[in-house]
Amino acid sequence: MIQKVLIANRGEIALRIVRACRELGIKTLAVYSEADVQSLHVQLADEAICIGGPKSSDSYLRADRIISAAEIADVDAIHPGYGFLSENAKFAEQCESCNIKFIGPKSKSIKMMGDKAVAKDTVRKAGVPTVPGSDGPVDSENEAVRTARKIGYPVIIKAVAGGGGRGMRIAHNDVSFAKEYHVARNEAEKAFGNGAVYIEKYIEKPRHIEFQILADSHGKVIHLGERDCSVQRRHQKLIEESPSPFLTSSLRKTMGKAAVKAAEAASYENAGTIEFLVDAKGNFYFIEMNTRIQVEHPVTEEVTGIDLIKQQIRIANGEKLEFDQGDIQFNRHAIECRINAEDPARNFIPSPGVIDLYYAPGGPGIRVDSHAYSGYAIPPYYDSMIGKLIAYGPDRKTALGRMYRALSEYYIRGIKTTIPLHKAIMSDPVFIEGKATTAYMEEFMARTPTDLFS
Ligand code: MV4
């Protein structure tokens, strides 16, 4: 039985995990960097150990120090949160071999899904639709060009070790393909130490829709519906909502079944996400699986009433899922806005510094997941997300209205944030009508004067 958990993360997700553990009667150990001494997760955990300097590479990415802290404090399990070591198969394996439960999938699943070509091949063989493309990695320019021509331009070149949009190149003809192929290989080699790439038909202006999966260690897999994550900029999501305003109930059913099949094909265990691209005609294609809890998990929690972090811990404990697919109810609409310490009017330049006054919204249908408080100094070393504002209600209109109301109440003084941008998006007819694709943000920024959100 898990009695004490080390939280190998920082910020709002570390706090979120502390809260879930508290409710389960589980003790918590925070680890923190020298830049996070004043952080809330350090204050609220039962114990805390400093693991190194401010840079992630000296602290939150140091598997050796985190495992030492786990041994010293005698924890039973490690929750990796998202980012940092959460999708590092070697770290999960180290935990496993030290007899510390990794609250997440088995290292084998992380490894398999971390190779995007293997992941695609695995789910395709299980009957899940994938984007037409090369049969695995392409090994020479000759083979690559032949494949691109066969698929038909435009094509997209993706790194096998990539994911989340890193190391992708688009080509429209043989000439640009030859160039982009080499650029993609070199970038992938530099970024991941693995230059292998594969090729797919490029889907123009797709929607980005992902399904939340829960799988226990007894072979039961269910899905908790989808999240529409189409509103993103440079592969950073800004807004996520569920249900997707685009999906019909029949398409939702088909995609949910495909998502469960994909997770089963990977012998997946714990919480995970199956990402799909959906084109204008409603064709959907698996693109990758995320083998971690995601930033946007509260959207699903507010729609289904299921606490995903608690479920992760229960699953790591070897417990059976206590519900079947048919027990899951989807009777609310939820939407999340990511509140980043960035200036949207100045190309989203990071805006670290002291929050001299902080007041968070509340009232009906509002949830705030944030580690910020009055007097908190946002360190410049980590990503700029300082909180997530979630609004929910019986339908989309109510949820959007509450989101606008809550954004108007949210008061963060001393730094620039994405709050004014979110207010502008909540007032935008294209968004309100549910017509946002992955091209939405670029189009919105091009047609909207910056003074509307500065
Ligand atoms: C694609 C695609 C179009 N066609 N694959 C982005 C994140 C990563 N998980 C996969 N992504 C995409 N894969 C095919 N075959 C479009 C995206 C994509 C995207 C691409 C370029 C610029 C912005 C984008 C935003 C979302 C998705």
Side-chain angles (χ1 to χ4, degrees), residues 82-83 86-87 113-121 123-124 128-138 144 147-172 176-177 180-181 183-184 187-188 191-192 197-212 226-241 244 246 255 259 262 272-292 294-296 338 348 425 431 435-446:
Y82 50 69
S86 62
E87 294 184 280
M113 289 301 171
D115 182 315
K116 304 302 165 185
V118 170
K120 185 178 175 183
D121 195 48
V123 309
R124 187 183 55 78
V128 176
T130 57
V131 189
S134 62
D135 214 355
V138 281
T147 309
R149 280 189 190 156
K150 207 167 88 193
I151 298 166
Y153 291 108
V155 300
I156 184 165
I157 309 161
K158 298 183 174 183
V160 160
R166 293 171 309 159
M168 301 187 336
R169 314 292 300 192
I170 297 154
H172 293 271
S176 73
F177 183 85
E180 298 297 351
Y181 173 76
V183 173
E187 279 184 0
F192 316 114
V197 297
Y198 62 107
I199 305 168
E200 286 182 345
K201 178 81 185 170
Y202 180 61
I203 315 286
E204 313 234 24
K205 300 190 182 189
R207 281 175 176 77
H208 194 151
I209 297 176
E210 57 187 30
F211 275 73
Q212 178 69 53
E226 81 279 11
R227 296 181 291 256
D228 191 322
C229 307
S230 298
V231 179
Q232 44 180 288
R233 182 186 168 271
R234 303 205 177 152
H235 304 296
Q236 293 283 65
K237 295 167 185 167
L238 280 164
I239 298 172
E240 305 94 350
E241 67 175 312
S244 166
F246 182 74
M255 289 177 73
T273 305
I274 307 293
E275 278 186 23
F276 294 104
L277 295 182
V278 185
D279 71 16
K281 292 182 186 154
N283 298 306
F284 69 92
Y285 311 95
F286 168 91
I287 46 167
E288 48 192 78
M289 179 170 197
N290 298 314
T291 57
R292 60 171 191 277
Q294 286 187 273
V295 171
E296 58 271 28
R338 297 193 187 190
F348 295 83
I425 295 173
F431 181 78
K435 296 207 172 111
T437 70
T438 51
Y440 174 80
M441 270 313 287
E442 205 166 342
E443 293 166 0
F444 176 85
M445 295 304 285

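Numbering of residues begins at 1 and proceeds along the displayed sequence. Computed from a predicted structure; not experimentally measured. Both ligands and their constituent atoms are indexed starting at 1 by order of listing.
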With sequence neighbours excluded, residues passing ring-ring contact (aromatic ring centres under 6.0 Å, His included) with Phe246: none
Hydrogens and angles aside, do Thr273 and Asn290 bring a side-chain donor and acceptor to less than 3.5 Å of each other? no
Would you name the heavy atoms of Ala159 and Tyr198 that are closest together and state the gap between them? O-CE2, 3.8 Å
Nearest heavy-atom pair of Val160 and Ala117: which atoms, and what distance? CG2-CB, 3.8 Å
Holding to side-chain hydrogen bond (donor to acceptor under 3.5 Å, both in side chains), I want the full list of residues that pass it with Glu87, two or more places apart in sequence or in another chain. Thr291, Arg292
Partners of Glu204 by side-chain hydrogen bond (donor to acceptor under 3.5 Å, both in side chains), sequence neighbours excluded? none
When you pair each N or O of ligand 1 with protein N or O atoms, which pairs come out under 3.5 Å?
residue: ligand 1; atom: 4 (N); partner: Ile203; partner atom: N; Å: 2.9
residue: ligand 1; atom: 5 (N); partner: Lys158; partner atom: NZ; Å: 2.9
residue: ligand 1; atom: 9 (N); partner: Glu275; partner atom: OE1; Å: 3.2
residue: ligand 1; atom: 9 (N); partner: Glu288; partner atom: OE1; Å: 3.1
residue: ligand 1; atom: 13 (N); partner: Lys158; partner atom: NZ; Å: 3.1
residue: ligand 1; atom: 15 (N); partner: Glu200; partner atom: OE1; Å: 2.9
residue: ligand 1; atom: 15 (N); partner: Lys201; partner atom: O; Å: 2.7

